[in-house]
Protein chains: 2
Amino acid sequence: MATIDDVAKAVGVSKGTVSSVFSKKRPISQEVTERVLAVAKELGYYPNHVARSLATRKTMIAGLKMPISRDMSLSGFEIQMINGVMKQLAKHGYRVLLDTLPEHDDPTSFSMDPVDGVILLNPRKADPRIDRYGQMGIPIVLVGRPDPDDRSLSYVDNDNEALACEVGRYLLGLGHRSVLFLNTIRDMTVASDRAAGLRRAFAERGLALDDDRIAYYSHEAYGNAAAYGYSALREMWGRLSFTAVITDTDRVALGVYRAARELGIAIPDELSVIALNNDATLAQEMEPQLTAVELYAETLGIEAASLLMDMMAEYEPQQK
Amino acid sequence: MATIDDVAKAVGVSKGTVSSVFSKKRPISQEVTERVLAVAKELGYYPNHVARSLATRKTMIAGLKMPISRDMSLSGFEIQMINGVMKQLAKHGYRVLLDTLPEHDDPTSFSMDPVDGVILLNPRKADPRIDRYGQMGIPIVLVGRPDPDDRSLSYVDNDNEALACEVGRYLLGLGHRSVLFLNTIRDMTVASDRAAGLRRAFAERGLALDDDRIAYYSHEAYGNAAAYGYSALREMWGRLSFTAVITDTDRVALGVYRAARELGIAIPDELSVIALNNDATLAQEMEPQLTAVELYAETLGIEAASLLMDMMAEYEPQQK
DNA sequence: ACAATTCATTAAAGCGGTTTAACGATCAAT
DNA sequence: ATTGATCGTTAAACCGCTTTAATGAATTGT
């Protein structure tokens with residue numbers, strides 16, 4: 001690979017001049033610019049990103065850290081979020097370094113990332129990475145509420161509690177008095193937030209929501225989201241009485257629909273179904289059409305990215 | 001941020017020694033190692049990835065370049081592919097630099113990427129990036145057949161022609177003689193490969209497949225995949241006679257199912273439906289269950305990544 | 001015509017690591 | 001005691017770029 005020195009030598013100018021031609025940070029005469037560009041092209045020279053980053057102390061890369069789910073695959077929600085993040089960062093010339101590597105806590109194998117900022121999706125409880133990036137002076141934005149809640153941290157999240165409460169009110173308003181809630185994985189903060197929100201809606205009417213009316217997803221027990229909905233409905237339909245079921249996602253609802261068809265349950269006459277997240281954007285295509293809450297994961301990603309961009313801009317004068 | 005010099009000075013050893021403690025590339029006595037680690041921890045020192053990359057000429061990052069689709073969102077196929085790529089690269093400590101930035105051809109604004117290798121998804125015809133990376137001496141692997149076909153390029157792809165032919169034979173074997181093919185976007189190489197494969201199956205039986213039996217998706221005309229299936233079936237059902245429809249993906253099939261319900265067409269008695277790609281993994285959940293080809297996009301990603309890893313390993317002795 | 005600006009260019013000092021060649025100390029073999 | 005390895009450590013060169021301070025040429029004002 002040709003370096004900036006090769007070009008400078010060939011053209012007969014200093015490397016500082018060549019540098020300026022490419023970075024456009026200082027005016028260079030038209031004539032010199034053309035000569036430099038011509039030689040650069042001939043030599044196949046492209047500025048070395050790493051060297052430039054070292055000198056400027058900016059990589060124009062943002063890290064996006066995702067938890068590795070059991071099956072190592074991304075949900076629709078995550079995808080949309082990533083999309084939002086990338087879309088927003090791209091506007092300012094930023095790229096995304098995706099990673100799902102588990103963080104080993106061996107300090108010798110941990111290397112500072114080549115990033116100007118980090119977006120951390122679904123942080124673990126008391127996530128050690130948060131402090132680490134703080135220590136390194138790298139701006140960080142969380143997607144999902146941090147636990148324990150730290151006021152000095154920036155994060156974006158949906159108000160899942162309020163959302164679930166809203167859905168609860170809606171169903172109660174329709175006359176439903178007993179529901180089945182097919183919640184997401186138990187140990188996620190969303191899961192408890194939603195349960196709390198739904199309980200609040202019931203409490204407002206002086207009603208209680210028993211624990212056995214809330215089920216939790218588990219990859220081991222059900223295999224996949226649709227299977228979860230299918231099995232849960234078949235299992236519960238005889239045991240409990242309810243006129244509405246709230247599902248985690250549209251995929252879960254798809255399973256519920258199938259079970260309902262097999263059990264001869266008429267939707268929506270006999271049973272109402274509502275999904276808290278239109279994850280796979282299936283709601284419109286289902287028959288009868290599914291009522292689903294739109295979470296706008298992409299918007300979440302966009303907001304997270306904007307927030308990060310602001311923070312990185314402020315941090316700018318980190319000129320040692 | 002503390003640098004390696006700070007640590008070296010504080011411990012009273014040379015930076016080379018500190019470097020060796022962290023990179024583990026040279027033996028350092030137990031005693032010194034401990035002292036260095038202790039001071040590093042105290043100072044909050046973490047090796048600078050960029051500086052290290054500059055010195056070693058390796059970033060441990062692979063670029064993944066994706067085309068930006070009109071709606072800026074990733075299909076299930078792409079997601080699975082990305083998953084495969086990340087999974088495989090992670091095994092060797094590699095990370096993924098995702099990017100969908102359009103490549104401007106302004107040489108001054110093009111900077112060499114901080115990557116050791118590149119995976120290019122769905123290259124454009126005569127993609128200029130291919131040459132560019134070649135020039136820069138960066139290994140590159142394509143996902144999707146390059147056009148024009150260049151024997152010196154590495155790529156992985158499904159044999160879409162054979163696949164479509166197989167599906168055609170299957171339907172013909174079942175007694176179908178006239179089909180409707182809801183193909184993907186016209187100007188993709190997959191689209192023509194599939195059409196050719198299906199035609200071959202028909203030709204084997206001395207049958208022809210008219211052009212009007214192959215429809216092509218377009219974002220503008222249909223909005224989304226399911227709407228494509230829905231509209232296409234409604235539009236064609238009266239005009240043409242066919243006993244089977246081959247769809248691009250399961251989502252398209254979902255739309256076909258809905259239209260069929262509305263038109264009172266019985267699936268599969270009156271109409272068989274088969275999808276060439278179980279994109280959203282909906283096939284199992286549909287009623288009646290959909291027949292769909294599994295493309296194993298993740299496997300494709302894994303293969304692409306393995307190939308790239310091999311190439312990067314060979315390239316190793318690029319010691320200038 | 002002379003001082004005061006402006007402007008493009010340069011030499012050299014970083015940026016924060018790795019790596020090579022040299023070195024003194026320790027140890028085993030002669 | 002002498003030679004030859006082996007081992008941990010170091011000083012200095014290097015990776016490829018940016019940036020600062022200095023310089024000389026060209027332009028402007030008076």
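Side chains are part of it too, since the values below use all heavy atoms of this structure and drop only hydrogens, waters and symmetry mates. Just so we're on the same page: letters track the sequence lines, and every chain starts at 1.
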Nearest to the side chain of A:Y45, which nucleotide is it out of C:dT19, D:dC17, C:dG16? D:dC17

Look only at the side chain of B:R57 and the backbone of B:A55, and say whether a donor-acceptor pair between them is shorter than 3.5 Å. yes

C:dC15, OP1 or OP2 - any side-chain N/O from A:R57 closer than 4.0 Å? no

What's the OH-C1' distance between B:Y46 and C:dG17, to the nearest Å? 18 Å

Centroid-centroid under 6.0 Å between B:F22 and B:Y45 rings: yes

For the helix from C:dA1-D:dT30 to C:dC27-D:dG4, figure out the bend between the end axes, five pairs an end, and round to 10 degrees. 40°

When rounded to whole Å, the CG to P distance for the pair B:D5 and D:dA12 reads 14 Å

Could you work out which one of C:dG17, D:dG16, D:dT18 sits closest to the side chain of B:I4? C:dG17

Between A:T17 and A:S14, does any side-chain donor sit less than 3.5 Å from a side-chain acceptor? yes

If you check every side-chain atom of B:A51, which of D:dT19, C:dG16, C:dT18 has the closest atom? C:dG16

Shortest side-chain distance from B:K25, nucleotide among C:dT19, D:dT18, C:dG16: C:dT19

Side chains of A:V7 and A:L43: does their closest heavy-atom pair fall under 4.5 Å? yes

Check the distance between C:dG16's C1' and B:N48's CG and give it to me in whole angstrom. 6 Å

Between C1' on C:dT18 and CG on B:L54, what's the gap in Å once rounded to a whole number? 10 Å

Please state how far atom CD in B:Q30 lies from atom C1' in D:dG8, giving the value in whole angstrom units. 14 Å

Given A:R145, which partner from the list A:D193, A:N160, A:T189 fulfils the side chain to side chain donor-acceptor pair (under 3.5 Å) test? A:D193

Once you round it to whole Å, what is the distance between C1' of D:dT18 and CE of A:M60? 15 Å

Could you state the CZ-C1' distance from B:F22 to C:dT19, rounded to the nearest angstrom? 18 Å

Partners passing salt bridge (Lys or Arg N to Asp or Glu O under 4.0 Å) against A:D157 (at least two apart in sequence or in another chain): none

In whole angstrom, what separates A:D116's CG from C:dC15's P? 18 Å

Show each protein N/O and nucleotides 8-11 of chain C N/O combination with a separation under 3.5 Å, one pair to a line.
unit_1 : atom_1 : unit_2 : atom_2 : d
C:dT9  : OP1    : A:S29  : OG     : 2.9
C:dT9  : OP2    : A:S29  : N      : 3.0
C:dT10 : OP2    : A:S14  : N      : 3.0
C:dT10 : OP2    : A:S14  : OG     : 3.3
C:dT10 : OP2    : A:T17  : OG1    : 2.4

Regarding B:Y94 and B:D116, is there a side-chain donor-to-acceptor distance under 3.5 Å anywhere? yes

Worked verdict on B:H49 versus A:D113 for side-chain contact (heavy atoms from CB on, under 4.5 Å): CA-CA 6 Å; B:H49 186 276; A:D113 284 336; 5.7 Å; no

Trace of the side-chain contact (heavy atoms from CB on, under 4.5 Å) decision for A:I61 with B:L97: CA-CA 9 Å; A:I61 294 178; B:L97 182 65; 4.0 Å; yes

